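Right, one structure below, let's go through it.
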2 protein chains.
Amino acid sequence: MASRVPPSFTRFSAQNLAILGPLRAGLADSKADLAKITGLSPSTVTARVDELIGLGHVIEVGDGVSRGGRRPRRLALRHDGGIVGCIDLGIDRTSIGLVDLSGQLVARIDIELDVAAGPHPVLQRVWAEFETMLAESTAYSQLLLRGLSVGVPGPVSAETGRVIAPSRMPGWNGIDVAQILGALAGVPVLVNNDANLMALGEYAASDRREPDQVFVKAGSGIGCGIIARGELFTGSRGAAGDISHVSVPGAPPVACSCGRTGCLDALASGNALVRELQAAGREVATVEDMIALARDADPVATRLLREAGSMTGGVLATIVNFFNPDRLVLGGVLSQSEVFVTGVRAMLYAECLPLATDRLTIATATRPDDCGLLGAGTVFLDRMFSLQGI
Amino acid sequence: MASRVPPSFTRFSAQNLAILGPLRAGLADSKADLAKITGLSPSTVTARVDELIGLGHVIEVGDGVSRGGRRPRRLALRHDGGIVGCIDLGIDRTSIGLVDLSGQLVARIDIELDVAAGPHPVLQRVWAEFETMLAESTAYSQLLLRGLSVGVPGPVSAETGRVIAPSRMPGWNGIDVAQILGALAGVPVLVNNDANLMALGEYAASDRREPDQVFVKAGSGIGCGIIARGELFTGSRGAAGDISHVSVPGAPPVACSCGRTGCLDALASGNALVRELQAAGREVATVEDMIALARDADPVATRLLREAGSMTGGVLATIVNFFNPDRLVLGGVLSQSEVFVTGVRAMLYAECLPLATDRLTIATATRPDDCGLLGAGTVFLDRMFSLQGI
DNA sequence: CGAGCTTACTCCATAATCAAACAAAGAAAC
DNA sequence: GTTTCTTTGTTTGATTATGGAGTAAGCTCG
């Protein structure tokens, strides 16, 4: 791979971004296309593209196929202009990956890591593992590390970037992950909630770019990310999408860690189901075990998953009526269970107005394992290729 | 008032809009301010403002006060450049108003009108009443009627502008209000859901311009409008915010017009409460009667209003957790009842995470009677002063 | 195989925009 | 009452973007 690294990004002008945007999204790959899409004049496109080529951000990649006239000279982003480190911090498992400037995931590892060990030990371990992975990825280790993008399993303040009131991350309240990791890595760090990143990753990875989507991460916990008008919606506080502690209609008053009873997280999360299954005498340790059991037609596991689907669907029904998304995506481990997904579907169609569901697609994640890392990469690249810059 | 009408709007250039936007919003009233806010150079601002003055859209209105140097020459939009007719169609009462180009409501009348009489009779009556009102408003009848903006008490398709599946407007399904009224009036007509318009009107009228707001119209029916990132959010279908037929957690299975049971509209709407109160032997005809009864400490009316508040609050709790608005505004007739509002508040604070409510303001509408008409005006003017144009 | 058509791209005179110097008008300091 | 500083607004080359004309390079069909 190219060892000559293009100059560091500072900021792009609005017009350069108008060129880079369609190139990045794959909506255009020639000057003519760019002129059509951006509305800029052909001469301006030529001038801007030449500048971007000179700066080393864009390259010509040979000729395209003719559409009845002169064939276009195809343009592309240089994806060797750097690399972004992506980290999806989980409760007991963390994924680490590399995303190139085109948004492709080009390397990943998974490590066992208990988030309860506390911010500093966890983040030091994560950084050490990342450095090892980067050094071993010979194709990419020469490239400039542009920064890190991290997903955490708890709310992240939109203003300060700190973790706030994370019910499942003891010792992390008020922690500034960007500052700690930034000190270790010496590069810019972005931090977001994991479900938000998964929503964005799914949106970027799938063909179905519906502008209004809801992504539900049903794993050991339950989270949710919102795409509104094609952009991540977090609310001014940064906590939008947090449905863990919504009361489930008509459910038993099971005590929740938040101090109330009947919360979705206490009733339908993977952790809650495993506990119930253990109470019923089954030998299960993880959510995956439980799903395997249900696949083997265990009646209790199957019933619990179906009920969890119903309860999740009941909460989502209100949200679908209210928000009217075009697409609802189920991700997380529980989405691997057909019974759970069926439960969600059945409840949604039963509880929603036809008006709200007749255009609604209910799907499972296109790349369930990767969407967290892909979303982390997307957030970073979108910011890098924006007026704001990194 | 000026009888010379400025030339018809066609489209504004992006830069002219950059000038008009801050002037319209009251964020700037001099060339220096405009340069600061828009980021355009002072010379460009001068050129654009001169052009807009020449076109008759902007005027100089004397000198401002010095802030330590030369005093500014104050600029303003010409609000005599036309007038917009606003119509808030209700189930049995319709408001008709005039909004000038600055967004001020300058005239209004209310008429008794049963929407069930059907589209053509209703819209003909509305247009006749509007013409009478306009002719009698001598200060404005000379001005150019730019168009009409209508709110209807049912879902409106975002794509076709037609009324779709309106549960409370028999005979209106699939009706193109814009086409019917446009044929009568000969001017452009915009149609939107009434709760959406009220949300926008409240947003425009209040000082608290929080970017993420939810407006709940609790009247004879229950509707809801969403402001996300400072803009009306309707979803691609146009029906976002429709919470009438959300199931109320733990409520009795009262039959609803939608064919299901336990819907919010069947339990907590003004109509539902009046029916229940009548069943309890009270002599009430309207929602206003019921509120008056509760003010006189009638125990049944008070209990019903409080329960309705709780049920509405229970549904809104899920929405607040999910959407995380900065502001929740209660409008419609029921918001005039302190008991109802208290019920909503109590349930919301009981059911929501502190994270979701610690920044949340729960308020009643600033101008409860006018926000529908104001919102209709806002929608029209925002569209007129956009690249899209009318 | 070439005339005519289509598509892709470039050149150039015109128009728009900008930064910077300048002018106007007032406030504050001495 | 003069000097100096601030703020507002205009004028002036220099820079930048634009749209249309022109060029390049393919297709298609008689």
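In this text the structure is predicted, and so the values were computed from the model without any measurement. In what follows, chains carry the letters A, B, and so on, assigned in the order in which the sequence lines appear, proteins first and then strands, with residues in each chain numbered from 1.
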TODO: Check the distance between D:dT8's P and B:Leu75's CG and give it to me in whole angstrom.
DONE: 12 Å
Open item on the list: Side chain of B:Ser66 only, heavy atoms from C-beta on: which candidate in C:dG26, D:dT18, D:dT10 is closest?
Closed with: C:dG26
Open item on the list: Once hydrogens and angles are ignored, does a donor-acceptor distance under 3.5 Å link the base of D:dT8 to the side chain of B:Arg70?
Closed with: yes
Task: Check ion pair A:Asp382-A:Arg24 (N to O, under 4.0 angstrom) - done: yes
TODO: Provide, to the nearest angstrom, the distance between the CG atom belonging to A:Leu40 and the P atom belonging to C:dT17.
DONE: 14 Å
Task: Nearest listed nucleotide, side chain of A:Ala32, among C:dC12, D:dG9, C:dA8 - done: C:dA8
Open item on the list: One thing to verify: whether B:Asp29 and B:Arg74 come together as a salt bridge, which I'm taking to mean a side-chain N less than 4.0 angstrom from a carboxylate O.
Closed with: yes
TODO: Rounded off to whole Å, could you give me the CG-to-P distance for the B:Asp29 and D:dG9 pair?
DONE: 9 Å
TODO: From the options D:dT8, C:dC9, D:dG9, select the nucleotide whose nearest atom is closest to the side chain of A:Lys31.
DONE: C:dC9
- [ ] Between D:dT10, D:dA17, C:dA25, spot the one nearest the side chain of A:Arg48, thanks.
- [x] D:dA17
Task: Residue A:Ser30, side-chain atoms from C-beta onward, closest of D:dT18, D:dT10, C:dC9 - done: C:dC9
TODO: Give the rounded distance in Å between these two atoms: CG of B:Asn16 and C1' of C:dA16.
DONE: 12 Å
TODO: Check the angle between the aromatic planes of A:His57 and A:Phe12 and answer parallel, tilted or perpendicular using the 30° and 60° thresholds.
DONE: perpendicular
Open item on the list: For B:Leu374, is there any backbone N or O sitting under 3.5 Å from a side-chain donor or acceptor partner on B:Asp370?
Closed with: no
Open item on the list: Tell me the interatomic distance from A:Arg74, atom CZ, to D:dA25, atom C1', rounded to whole angstroms.
Closed with: 18 Å
Open item on the list: Closest-nucleotide mapping onto DNA chain D: is A:Arg71 or A:Ala47 further toward the 5' terminus? I mean the 5' end.
Closed with: A:Ala47
Open item on the list: From CD1 of B:Ile37 over to P of D:dT8, roughly how many Å is that when rounded to an integer?
Closed with: 12 Å
- [ ] When you get a sec, tell me which of C:dT17, C:dA8, C:dA25 is the closest nucleotide to the side chain of B:Thr44?
- [x] C:dT17
Open item on the list: Can you give me the closest heavy-atom contact between B:Gln213 and B:Arg208, atom names plus distance?
Closed with: NE2-O, 3.0 Å
Open item on the list: I need the CD1-C1' distance between A:Ile19 and C:dC9, as an integer number of Å.
Closed with: 14 Å
- [ ] Respond yes when some side-chain nitrogen or oxygen of B:Lys36 is under 4.0 Å from OP1 or OP2 of D:dT7, and no when none is.
- [x] no
Open item on the list: Between D:dG19 and A:Ser43, counting only base atoms on the nucleotide and side-chain atoms on the residue, is there a donor-acceptor pair under 3.5 Å?
Closed with: yes
Task: Selection from D:dG26, D:dT18, D:dG9 that lies nearest to any side-chain heavy atom of A:Ser41 - done: D:dT18
- [ ] Would you indicate whether A:Gln179, at its atom CD, is surrounded by more than 12 heavy atoms from other residues, nucleotides or ligands within a distance under 6.0 Å?
- [x] no
Open item on the list: Side-chain N or O of B:Arg67 versus OP1/OP2 of C:dA27: is the shortest distance under 4.0 Å?
Closed with: no
Open item on the list: Is A:Gln15 close enough to C:dT17 that one of its side-chain N or O atoms is under 4.0 Å from OP1 or OP2 there?
Closed with: no
Open item on the list: Measure CZ/B:Arg73 against C1'/C:dG26 and give the value in whole Å, please.
Closed with: 14 Å
Open item on the list: What's B:Pro72 touching, base or sugar-phosphate or nothing? Going by heavy atoms closer than 4.0 Å.
Closed with: sugar-phosphate
